[in-house]
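Structure first, commentary second.
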Amino acid sequence: MAVALRFPGLARESPAALAICAAASSKLGREQDFVCASARPAAQCWRRRGLVVRCQTGAAAVLRNEEATPAAAALKAHTGFTVVMKFGGSSLASADRMREVADLILSFPEETPVIVLSAMGKTTNNLLLAGEKAVSCGAPKASEIPELAVIKDLHLRTTDELGIDRSVVSGLLDELEQLLKGVAMMKELTHRTRDYLVSFGECMSTRIFAAYLNKLGKKARQYDAFDIGFITTDDFTNADILEVTYPAVAKRLHGDWMDEPAIPIVTGFLGKGCKSCAVTTLGRGGSDLTATTIGKALGLREIQVWKDVDGVLTCDPNIYAKAIPVPYLTFDEAAELAYFGAQVLHPQSMRPARDGDIPVRVKNSYNRHAPGTVITKARDMSKSILTSIVLKSNVTMLDIVSTRMLGQYGFLAKCVQVFSIFEDLGISVDCVATSEVSISLTLDPSKLWSRELIQQELDHVVEELEKFAVVHLLQRRSIISLIGNVQRSSLILEKAFNVLRRKGVNVQMISQGASKVLSIPHHHCKTKIKFQCTFQRVVADFVLMQVNISLVVNDSEGKECVQALHSAFFENGFMSEVEGADVPQNGASLNSNGAIYGN
Ligand SMILES: Nc1ncnc2c1ncn2[C@@H]1O[C@H](COP(=O)(O)OP(=O)(O)O)[C@@H](O)[C@H]1O
Ligand SMILES: N[C@@H](CC(=O)OP(=O)(O)O)C(=O)O
């Protein structure tokens, strides 16, 4: 029996298309076809979800479960990558870990994976340190930089222990030494050279791992991302991936598989500048972004990021060891967590996954049976209060108070003009709180990779602002971000302030933002599949779901505050205590971008 769905005028990748796609795929049965009128655009989304879509007579399409058609199954057997598995440096710190990761990959024989690897262990940090030392050590001493010795030792020892020929990396190690000598001679390390320098880490780890899989008899092929279509902006050290990347990467990986099947082992973190054609990097932790980009490019079933923790946790385990895994997150929640400083995921990495509507699973390579965290477009928020607490330290805060009287207009406009300086400097503004005569904001010096907020440039900003305002520059501040359910924001605020008051901590600034996410209540899905969809209804299901409440405190207080907040929210039965309580139906008291600020 075929079920008819009609979506006249549906825009490609529109929220409605994605919503219908999610609903349809959840209902899809092997024997059931969905006949769609004017569904050509939606078909693109569906195809990415592993559904076979064939357009009929222009407007109609038939969707079938991929496995249901023998031709599709045969095609999948030949070219159908199913998942991307990304392993970070923490999963690949030694030869033993490489063995473990190979075993892990091979323990999923039903998968046809694309593998993305970061550099081994702390190699990226060591490369950066070596580069910095090379600038001042003088050319004759460049070969003796201790970090170079550590890098050489780790990679050569790993090849020996895995029984692989040293030539897999020895050429690259020589080249690296030459590069450091060059830096020492020039006495400068530009961002462009820095990117080239750190690329050695991923280039070596992937070569070693591919050689090891081949040695085990599992055919693998190494790829440098910058050679297979990862095209980026020329923003060295923090480049953005360009759209051309998706078709280029898909074509290359599929094409090579068709010629000769072999598991692709791709360097994470790296790209090629669109104008410079030089090696670029995607910002620290950028291999996550490489993985999600490949996931979207190939329309995979799932993106897996394998870390050294049991998933995304309720807070950084280095700050508080009692952190516990969060089983489900939305893409927006994960992006928010990452953006506000949770080191576990790259801030931009959720974008391709969200665009392609591909679930991301965060797993532990040291504990492969732990369920991990599943990140999807929507989740049931009805029982959710607080999801996670994030601490970002070493933040600078600017307090700007107008010298004019209340009621004078133009103050904010003038401030905004000055703030364009931040954009030119690439310094991100995280939190803003305003009133008619004052504005407070926080600046993140670490957004620019390994670049400190330059005092001289800040002084210049203050000088400009002092033409019309009294300015206080407050350094060594921390932002504590509480990511939770927007409908519980008052409860979160009440509880958080109780905790901080008891600790005698004065909050210096509060800022709150809420994000919209797609929510498809179950009863809607059923109705919409049964009776023809009107997608206006689906759009109406976009609601404010999560809130980010940011509290600014002194750096010296940050860690203790997070521990106390974690205990209060996650350890003393608070969540289950309030779980049964009614969720306010009015969308909560603070449900859009609102802010108040203190001293
Ligand atoms: N909320 C959080 N949940 C999980 N891990 C976190 C969180 N905040 C910070 N981390 C840190 O992130 C680390 C995992 O990320 P990362 O080191 O980037 O892994 P990989 O190198 O494998 O990609 C953890 O070891 C943990 O110390
Ligand atoms: N090696 C790079 C890229 C990366 O993603 O690493 P990891 O997956 O280990 O965080 C870095 O250290 O930034």
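The first residue of the sequence shown is numbered 1, and numbering continues consecutively from there. Numbering of ligands and ligand atoms starts at 1, following listing order.
A salt bridge does not link Asp227 to Arg252: none of the charged side-chain nitrogens sits closer than 4.0 Å to a carboxylate oxygen. Ion pairing between Glu557 and Lys503 fails under the 4.0 Å rule for side-chain N and carboxylate O. Taking a cutoff of 4.0 Å between a charged side-chain nitrogen and a carboxylate oxygen, Arg301 and Glu111 qualify as a salt bridge.
A 4.5 Å side-chain heavy-atom check between Arg166 and Asp160 finds at least one atom pair inside the cut-off. Put simply, the side chain of Arg477 does not reach to within 4.5 Å of the side chain of Thr442, judged on heavy atoms. Between Ser550 and Met509 the shortest side-chain heavy-atom distance does not fall below 4.5 Å. Under the 4.5 Å side-chain criterion, counting only non-hydrogen atoms from C-beta, Arg99 is in contact with Glu161. Contact of the Val114 side chain with the Tyr223 side chain is not registered, since no non-hydrogen atoms from C-beta on lie closer than 4.5 Å. Two residues are said to be in side-chain contact when any heavy atoms from C-beta on lie closer than 4.5 Å; Cys203 and Leu270 meet this criterion. Within the 4.5 Å cutoff, the side chain of Arg97 has heavy atoms near those of the Ser365 side chain.
Residue Arg284 has at least one heavy-atom neighbour below 4.0 Å for each of these atoms of ligand 2: 11 (C), 12 (O), 13 (O). Listed by atom number, the atoms of ligand 1 under 4.0 Å from Val312 heavy atoms are 3 (N). The Gly88 neighbourhood of ligand 2 comprises atoms 8 (O), 9 (O), with distances under 4.0 Å to a heavy atom of that residue. Ligand-side atoms of ligand 1 in range of Val309: 4 (C), 5 (N), 24 (C), 25 (O), range being under 4.0 angstrom from any heavy atom. Below 4.0 Å from some heavy atom of Phe269 lie the following atoms of ligand 2, by number and element: 2 (C), 3 (C).
Proximity of His346 to ligand 2, defined as any heavy-atom pair under 4.0 Å, is not found for any part of the residue. Contacts between Ser118 and ligand 2, counted as non-hydrogen atom pairs separated by less than 4.0 Å, involve the side chain only.
When the heavy-atom distances from atom 24 (C) of ligand 1 to Asp310, Asp308, Val344, Leu337 are ranked, the shortest goes to Asp308. Checking Lys86, Lys122, His346, Gln343 against atom 18 (O) of ligand 1, the nearest heavy atom belongs to Gln343. Considering only non-hydrogen atoms, atom 4 (C) of ligand 1 lies nearest to Gly311 out of Ala119, Gly88, Gly311.
Heavy atoms of Gly268 come nearer than 4.0 angstrom to ligand 2 in no pair at all. Judged by the shortest distance from any of its heavy atoms, Gly341 lies outside the 4.0 Å radius around the atoms of ligand 1. Using a 4.0 Å heavy-atom cutoff, Gln343 is absent from the residues neighbouring ligand 2. Residue contacts with ligand 1 include Gly89, since one of its heavy atoms falls under 4.0 Å from the ligand. Contact between Cys315 and ligand 1 is present, with at least one heavy atom of the residue lying under 4.0 Å from the ligand.
Ranking the protein heavy atoms by distance from atom 27 (O) of ligand 1 puts Asn318 ND2, 2.7 Å first. Nearest protein heavy-atom neighbour of atom 7 (C) of ligand 1: Asp316 CA, 3.7 Å. Protein heavy atom at the shortest distance from atom 1 (N) of ligand 1 is Leu313 O, 3.1 Å. The closest protein non-hydrogen atom to atom 19 (O) of ligand 1 is Lys307 CD, 3.4 Å. The shortest contact between atom 22 (O) of ligand 1 and any protein heavy atom is with Ser90 OG, 2.6 Å.
Distances between N or O atoms of Ser90 and those of ligand 2 include no value under 3.5 Å. Polar contact with ligand 2: present for Gly89 (N/O pair, distance under 3.5 Å). Below 3.5 Å of separation, one finds an N or O of Gly285 facing an N or O of ligand 2. The N/O atoms of Lys86, backbone and side chain alike, include one that comes under 3.5 Å of an N/O atom in ligand 2. Inclusion of Ser388 in the set of residues having an N or O under 3.5 Å from an N or O of ligand 1 is not warranted. Checking only distances, Ser91 never comes within under 3.5 Å of ligand 1, N or O to N or O.
Side-chain contact, Asp195 with Thr281: a donor N or O sits under 3.5 Å from an acceptor N or O. Side-chain atoms of Asn554 and Gln508 form a donor-acceptor pair, as typed in the model, at a separation below 3.5 Å.
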Checklist entry - Do Val249 and Phe230 pass the side-chain contact (heavy atoms from CB on, under 4.5 Å) test, and can you show the C-alpha distance, the side-chain angles, and the key distance before you say yes or no? => result CA-CA 7 Å; Val249 168; Phe230 271 84; 3.6 Å; yes
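Below 30°, between 30° and 60°, or above 60°: for Tyr320 and His566 the angle between ring planes is above 60°, a perpendicular geometry.
By the ring-ring contact (aromatic ring centres under 6.0 Å, His included) test, Phe200 pairs with Tyr196, sequence neighbours left out.
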